[in-house]
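This report refers to the structure that appears directly beneath it.
Every chain is numbered from 1, with letters handed out A, B, ... down the list of sequences.
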There are 2 protein chains.
Amino acid sequence: MTTKTAEHSKVRDGRSTREAILEAASRLIRVHGYNHTSLDDVLRESGVGKGNFYYHFKSKEDLGYAILDQIIGSFLERTLEPCFADPDEHALAQVQCFLDRLLEAQRASNCVGGCPLGNLAAELSDVHEGFRGRLTSVFAAWRERLTLALRSAQSRGTVDRSCQPEAVADFLVASLEGAILLTKLTKDIAVMEQCVAEMKRYLSLFEPRV
Amino acid sequence: MTTKTAEHSKVRDGRSTREAILEAASRLIRVHGYNHTSLDDVLRESGVGKGNFYYHFKSKEDLGYAILDQIIGSFLERTLEPCFADPDEHALAQVQCFLDRLLEAQRASNCVGGCPLGNLAAELSDVHEGFRGRLTSVFAAWRERLTLALRSAQSRGTVDRSCQPEAVADFLVASLEGAILLTKLTKDIAVMEQCVAEMKRYLSLFEPRV
DNA sequence: TTTTCTGTACCGACTGGTCAGTACACGTGA
DNA sequence: TCACGTGTACTGACCAGTCGGTACAGAAAA
């Protein structure tokens, strides 16, 4: 009874097989981790057969890289960059907008799943050089984006000279990752809220001195 | 007739079988995670047979709890408490001493392994309620210790009124966990150093106003 | 037009290996 | 004798990955 209305397969619920696999896998991996998510689970969730999976992906590792690339792309383009789009906005306001965005994301996820990038970093940094390399690059890009905003604000006098952009950026990234982790652990969004509030207080150190 | 504890068990390189298992397992789990560390690996590393393992532990989960208890005890008694032992020392100095201690631990571990508690929190928070409960307790105790120091300093006037001890404690714990994670990812101790330096700068916000 | 060929998309049984956990025998000391 | 420690062989579930084969579309050949 298979209707042939839709063009031959390649389409499954309106998206490609590859997309169905990626969607199911990234959802499962976010909760169970990379190693503890079995291919069979991904296949069951996505409704894709095993042969078909290996038609689209070389290996489980290949799938892992594809997911990582997808997460990275989405984070950089849809979460990080939009906050820094307007070059005339105050740098500290841009950073605060970004903090609020991540807080909102935690609220939306009901404190489940944590940060996909942080999770993979914790799980694989010491055991998979390939993943570690890619993860290092995203965090470097993230840090770079913050550093850039702070440095240019500094040259315009809207951020104090006492601010060392690289150190502040590192610290903000670390604090955010830690806050998301503690929020996932305690299942209490108040932890994230308090941490974001303290980050804003910390940032107030760098308002230009009068 | 007196006690039936591990004192009876044979001694293996100067320690009990149970201790040998715990030592090997916590070392492996720190790097490979709980789920991805196989019992056979632990047995091979500790030189203990399988029957013997199941004589001393009910299950792999039981071993996990034992390791967790050991990590927790060691952290609270040997890392956290010593920094806050002297009730007359300045609270901010106590916290700084603690930060330096964690920085030194990262240096000593060559940026490998990260924080055992943070790793387990990242891996298991969403999939194992038992582990999550115990991990939540340690982090609560850690936070509590910082809160206490700050609050009593506040009442003595050595920490500013603007400091909200719970929020500051949460933020410090989160920042430390994040800093350790990023250090493990980048394999660069400078990340940890910068983060600790920024934490100290943040703490300077709470020196009493003159 | 009809048939045949070819490449893409797909299926699920199977393989070799690993996992946590069990069964049981052996030795030793009280 | 008998309970405590211990070693080893085993069990069944599960894992990533392979394999033989099917379905079907469009192009080429008839």
Would you tell me if any nitrogen or oxygen in the side chain of B/Thr17 comes within less than 4.0 Å of OP1 or OP2 on D/dG5?
->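 No, outside the criterion.
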Verify the contact: side-chain N or O of A/His56 to OP1 or OP2 of C/dT8, cut-off strictly under 4.0 Å; return yes or no.
->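 It does not, given that no N or O in the side chain of A/His56 lies less than 4.0 Å from OP1 or OP2 of C/dT8.
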Without decimals, in angstroms, what is the distance between [X] [atom1] and [N] [atom2]?
X: B/Tyr55; N: C/dA25; atom1: OH; atom2: P; answer: 18 Å
X: A/Asn52; N: D/dC24; atom1: CG; atom2: P; answer: 15 Å
X: A/Leu43; N: C/dA13; atom1: CG; atom2: P; answer: 13 Å

For B/His128, ring-ring contact (aromatic ring centres under 6.0 Å, His included) partners two or more places apart =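 Residues passing ring-ring contact (aromatic ring centres under 6.0 Å, His included) with B/His128: B/Phe131.
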State which residues pass ring-ring contact (aromatic ring centres under 6.0 Å, His included) with A/Phe57; sequence neighbours excluded, sorted by chain then number.
->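 Residues passing ring-ring contact (aromatic ring centres under 6.0 Å, His included) with A/Phe57: A/Phe53.
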Axial cation check for B/Tyr55 ring with B/Lys50, 6.0 Å and 45° limits =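 Relative to the ring axis of B/Tyr55, which defines the angle, B/Lys50 lies outside at least one limit.
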Scoring nucleotides 9-17 of chain D by protein non-hydrogen atoms under 4.0 Å (B base, S sugar-phosphate only, - none) yields ------SBB
Those residues that, when tested against B/Gln154, pass side-chain contact (heavy atoms from CB on, under 4.5 Å) (two or more places apart) =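 So B/Gln154 forms a side-chain contact (heavy atoms from CB on, under 4.5 Å) with B/Arg151, B/Val159, B/Arg161, B/Cys163, B/Pro165.
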Quick one: side chain to side chain donor-acceptor pair (under 3.5 Å) pairs with a partner in residues 84-98 of chain A, sequence neighbours left out?
->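 Checked against side chain to side chain donor-acceptor pair (under 3.5 Å) - neighbours excluded - no pair reaches residues 84-98 of chain A.
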Pairs where residues 167-192 of chain A contributes a residue and the test salt bridge (Lys or Arg N to Asp or Glu O under 4.0 Å) is met, not counting sequence neighbours =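 Every pair satisfying salt bridge (Lys or Arg N to Asp or Glu O under 4.0 Å) with a residue in residues 167-192 of chain A: A/Arg143-A/Asp170, A/Lys187-B/Asp126.
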